[in-house]
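Scroll down for the structure; my scribbles are underneath it.
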Amino acid sequence: MAEKRSSFSGKLGFVLATAGSAVGLGNIWRFPYLAAQYGGGIFLLVYIILALTFGFALMCAEISIGRKTGLSAIGAYKKLDKRFSFLGLLTSLVPIIILPYYSVIGGWIIKYLVQFVSGGMAQAATDGFFDNFISSPTEPIGWFLLYLGATAVVVLLGVEKGVEKVSKIMMPILVVLTVFIAVYSLFMPGAVDGLIYYIKPDFSKFSITTVLAAMGQLFYSMSLAMGIMITYGSYMKKDVGIEGSVKQIELFDTGIAFFAGLMVIPAVFSFSGGDESALGKGPGLMFVTLPKVFESMTGGGIVGAVFFILVLFAALTSSISLMETVVSIFIDKFHWKRKPTCIFVFVLCIALGLLSCLGYGTLAEVKIIGLQFLDFFDFISNSVIMPIVALATCILVGYIIKPKALIEEIESNGKFKRKTLFTVIIKYVAPICIVAILIFSVLEGLGVIKV
């Protein structure tokens with residue numbers, strides 16, 4: 001007999017857990033380098049506009065699908081329309097692919113946190129430290145297992161006692177630490193130039209790639225097209241308003257992304273003398289550039305340790321939501337109990353994660369379409385499957401079950417003030433934008449276009 005479906009205790013628990021899912025590495029390292037790369041203030045302005053329209057509509061759709069069906073993605077799409085059963089399987093693949101390699105990166109974060117706390121900042125800031133660490137045949141595996149184990153313990157405790165409780169503790173601390181480091185960064189010599197670049201829109205730097213990059217960031221940042229919002233929506237009580245909750249989640253997510261930019265861009269500008277290219281992509285920014293920035297600061301050892309605690313909290317809230325989503329998928333599909341399902345998912349993640357762990361060392365010569373394992377998993381999930389899932393969801397909602405079906409769910413406990421905006425974006429705007437994102441991200445991922 002299937003277990004009774006878990007639920008969040010109320011609106012605060014839902015908003016903090018869902019915001020915790022949305023706030024992750026996409027906010028902390030991806031948002032700052034994209035903002036620097038695509039014109040600073042103009043990227044920030046475009047992102048905020050898209051978050052309040054495009055992101056709002058897609059998040060409302062996914063959460064209402066979850067609450068309407070009471071199922072995770074694997075069963076939710078099938079319940080809405082049997083012809084879209086394939087979409088549940090496709091959506092379910094995303095967190096299954098992402099969680100293992102995300103946990104590998106989580107292990108790297110713990111390594112750097114320990115390095116800073118133990119007084120090893122100078123060593124972490126040396127050239128070659130990061131490359132030597134990730135190419136080690138054994139060390140990354142230990143940190144990966146530690147991170148994945150911490151994630152599994154929270155998920156094992158359940159939705160209310162685990163996911164919700166941890167989110168209620170971590171999210172307020174995460175906000176305080178973000179604001180603290182952002183303010184500290186602004187007082188560094190030369191940081192004001194970085195601040196102006198970041199918040200003042202320069203319309204001469206606006207381009208279609210700015211819009212596409214900002215839209216692509218929404219998927220990373222707001223946990224869209226991963227099945228997470230559908231799963232969390234299925235845990236949402238009927239007396240909690242969806243529209244109001246989405247507004248608060250967006251406020252958390254966009255606010256943390258904004259402050260992450262304030263943390264990173266002025267500090268790197270100060271360190272590099274205003275060189276935008278110093279904000280390297282992905283791991284290069286987090287694990288190579290920023291340790292050098294912290295070393296150049298007064299009290300950098302403390303600030304660096306606080307920064308990696310912040311990043312660890314942000315990563316954990318996201319990996320918890322990823323694992324909870326995967327666990328929910330297997331429970332819904334096979335009617336297993338939570339404990340054995342958690343153990344199964346943990347073992348599955350170890351098997352897949354070891355490929356990413358060893359991809360820069362022992363298995364460095366093994367590549368798929370020219371990419372190492374971690375980069376390939378990132379590319380196939382974020383650049384290919386997620387846009388396809390989002391496009392198919394828009395087609396299902398916009399033209400098969402019709403927006404009215406979800407509007408009725410959203411209005412079950414109050415008026416849906418932005419239902420016209422929701423309908424227009426889901427039916428007309430989002431599909432066109434998502435096709436553009438898919439083409440852009442695939443060409444970028446394959447190295448056909450350089451950005």
Side-chain angles (χ1 to χ4, degrees), residues 24-26 29-30 33-34 73 86-87 89-109 130-141 143-145 147-148 212-213 216-217 219-220 224-227 280-288 315 318-319 322-323 325-326 329 345-392 434-435 437-451:
L25 297 179
W29 81 17
R30 200 170 187 271
Y33 84 67
L34 285 176
F86 75 92
L87 188 53
L89 293 169
L90 197 60
T91 307
S92 300
L93 274 178
V94 177
I96 292 170
I97 294 171
I98 292 177
L99 177 60
Y101 80 75
Y102 196 96
S103 297
V104 171
I105 299 170
W108 298 350
I109 294 165
F130 177 63
D131 288 338
N132 290 335
F133 162 59
I134 63 171
S135 61
S136 165
T138 56
E139 191 181 3
I141 296 173
W143 297 112
F144 157 62
L145 292 175
Y147 181 90
L148 185 63
L212 291 173
Q217 172 62 14
F219 284 96
Y220 289 89
L224 299 171
M226 300 182 188
K281 253 188 168 185
L285 171 63
M286 178 85 75
F287 300 110
V288 179
S318 292
S319 60
L322 284 164
M323 184 173 279
T325 300
V326 177
I329 286 164
V345 170
F346 179 69
V347 173
L348 177 66
C349 287
I350 291 173
L352 291 173
L354 284 174
L355 293 174
S356 296
C357 250
L358 301 172
Y360 297 99
T362 308
L363 300 178
E365 299 303 313
V366 182
K367 295 185 179 181
I368 306 173
I369 58 169
L371 300 171
Q372 284 154 322
F373 283 108
L374 190 150
D375 300 317
F376 171 74
F377 289 139
D378 182 60
F379 168 71
I380 201 71
S381 57
N382 288 291
S383 298
V384 181
I385 302 177
M386 283 165 58
I388 291 172
V389 165
L391 178 62
I434 292 164
V435 169
I437 293 169
L438 178 60
I439 294 169
F440 174 77
S441 56
V442 167
L443 292 177
E444 182 194 358
L446 294 175
V448 177
I449 57 172
K450 301 289 183 185
V451 293

> Rounded to the nearest 0.5 Å, how far apart are OG of S136 and CG of D131?
Replying inline: 12.5 Å
>> Any non-hydrogen side-chain atom of L355 less than 4.5 Å from a side-chain atom of F377?
In response: yes
>> Just verifying a value: how many Å separate L285 CG and F287 CZ, rounded to the nearest 0.5 Å?
In response: 10.0 Å
>> One pair to check against side-chain contact (heavy atoms from CB on, under 4.5 Å): V104 and Y147. What are the steps and the verdict?
In response: CA-CA 8 Å; V104 171; Y147 181 90; over 6 Å; no
> Got L148 and M323 here, is their nearest side-chain heavy-atom distance under 4.5 Å?
Replying inline: yes
> Does V384 reach the side chain of F379, with side-chain heavy atoms less than 4.5 Å apart?
Replying inline: yes
>> Which heavy atom of I97 sits nearest to which heavy atom of S381, and what is that distance?
In response: CG2-CB, 4.0 Å
> Between I437 and L212, which heavy-atom pair has the shortest distance, and what is it?
Replying inline: N-CD2, 4.0 Å
> Does the side chain of Y360 come within less than 4.5 Å of P140's, by heavy atoms?
Replying inline: no
> To the nearest 0.5 Å, what is the distance between CD1 (I350) and SG (C357)?
Replying inline: 10.5 Å
>> In the structure I gave you, are the side-chain heavy atoms of I380 and I368 within less than 4.5 Å of one another anywhere?
In response: no
>> Return the CD1 to SG distance between I98 and C349, rounded to the nearest 0.5 Å.
In response: 11.5 Å
>> Looking at every heavy atom in both L34 and A213, which two are closest together, and how far apart are they?
In response: CD1-O, 4.3 Å
> Looking at D378 and Y101, what are the two nearest heavy atoms and their distance?
Replying inline: OD1-OH, 2.8 Å
> With side chains defined as the heavy atoms from C-beta onward, is the minimum distance between I105 and L374 less than 4.5 Å?
Replying inline: yes
> Between OG1 of T325 and CD1 of I96, what distance do you get to the nearest 0.5 Å?
Replying inline: 10.0 Å
> Quick one: are L358 and P137 in side-chain contact, heavy atoms under 4.5 Å?
Replying inline: no
> Hey, which of W143, Y102, W29, F130 is the one that makes ring pair (Phe, Tyr, Trp, His ring centres under 6.0 Å) with W108?
Replying inline: F130
>> The test is side-chain contact (heavy atoms from CB on, under 4.5 Å); show your working for F219 and N382 and say whether it passes.
In response: CA-CA 8 Å; F219 284 96; N382 288 291; over 6 Å; no
> If you take all heavy atoms of L438 and S383, which pair is closest and at what distance?
Replying inline: CD1-O, 3.4 Å
> Would you call I329 and P95 a side-chain contact if the rule is heavy atoms closer than 4.5 Å?
Replying inline: yes
>> For F133, is there any backbone N or O sitting under 3.5 Å from a side-chain donor or acceptor partner on E139?
In response: no
> Where do S318 and G24 come nearest, in terms of heavy atoms and distance?
Replying inline: OG-CA, 3.2 Å
